[in-house]
Amino acid sequence: MKSLKKAKIAIIGGTGFETLFKGAEQLYVGTPYGIPPPISVKKIDGKNVAFLPRHGLEHSTPPHRINYRANVYALHELGVERIIGVNAVGAINHKFKPADLVMPHDFVDFTKLRCTTFYDEAPVTHVDVSQPYCPEIRKILVETVKKLGLRVWDKAVLVCTEGPRFETPAEIEMFRRLGCDIVGMTGVPEVVLARELEMCYASLCYVSNMAAGIQERLTALEVSKICQQIMPKIEQILIETIRVLPTPREGKCPCANALRDARFK
Ligand code: HPA
């Protein structure tokens, strides 16, 4: 049997990023949770990097039907330690504008129907998400974006909704009053599942629209238009970040030992 190709770093791409590693070798990885979309592996600066399109190669899986557990588990099987997720979001904070880059530091979970844990049975496991996004990857991402002369909002609370519909204006107003800055449909449980397997995770978000009630109406088309516009910048940021990211990781973040104090015995 052919052994699986290994990678320490992975990118999980969202809307518009399905073909990021076009032409690279594709891996079909089975997991106890099902089969994720094909994972491509490519060398960047001498490092094997895995790429997983979370909606599938043809963008055929809606946010609420994504098999988040299969996706994250498969990357873990490949030896991945650090994940950068790329997510389209709507802006709730009026200071943020379409095409802006945002790096959330915290999230609020308003999903409803998703499997949000690998630990459904004993041992009972409660992972700490006091710092849900890896501070080390966040720092390097922010520095990289600035080095490239681009602007990034380096603190933001992301609210994750179930979708696939967009939110109502009343929901967005409620999220604004709760202190949320951006809204998306795919950030959770991806970030939590990565932490449960002691993988580092950070999310690079791009604003595709102002959230419902702030602009007149929302369309899926504008999400893909902004994505096309911003994709070359994001690719550049990812490549530069991967160059700088230490591998193996140094383990100074809360992610690497997330299970150490998560169990009663
Ligand atoms: N709401 C939820 N998810 C999104 C949005 C939005 O306004 N824009 C892009 N993804």
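Just so we're clear, the structure is a prediction, and the values are computed from it rather than from any experiment. Read the numbers this way: they start at 1 and go in the same order the structure lists the ligands and their atoms. Along the sequence shown, residues carry numbers from 1.
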What atoms in ligand 1 come closer than 4.0 Å to a heavy atom of M185? 2 (C), 3 (N)
Please identify which atoms of ligand 1 are closer than 4.0 Å to at least one heavy atom of A88. 9 (C), 10 (N)
Can you tell me the protein heavy atom closest to atom 5 (C) of ligand 1 and the distance? G90 N, 3.5 Å
Give me the one residue out of K233, R151, K95 that meets salt bridge (Lys or Arg N to Asp or Glu O under 4.0 Å) with D100. R151
Ligand-residue contact atoms, ligand 1 with S208, heavy atoms, under 4.0 Å: 8 (N), 9 (C)
Salt bridge check, R249 against E136: does any charged N sit closer than 4.0 Å to a carboxylate O? no
Under 3.5 Å, N or O to N or O, is E167 touching ligand 1 that way? yes
Is there a side-chain contact between R69 and F118, using heavy atoms and a 4.5 Å cut-off? yes
Looking only at protein heavy atoms, which one is nearest to atom 4 (C) of ligand 1, and what is the separation? V183 O, 3.7 Å
Would you mind running through ligand 1 and noting each atom that sits below 4.0 Å from a heavy atom of G184? 2 (C), 3 (N)
Has the side chain of T168 got a donor or acceptor atom that lies under 3.5 Å from a matching backbone atom of E171? yes
Give the numbers and elements of all ligand 1 atoms closer than 4.0 Å to a heavy atom of N209. 5 (C), 6 (C), 7 (O), 8 (N), 9 (C)
Would you mind checking if E240 and R243 are paired as a salt bridge, meaning a charged N to carboxylate O distance below 4.0 Å? yes
Hey, is E222 close enough to K225 for a salt bridge, meaning N to O under 4.0 Å? no
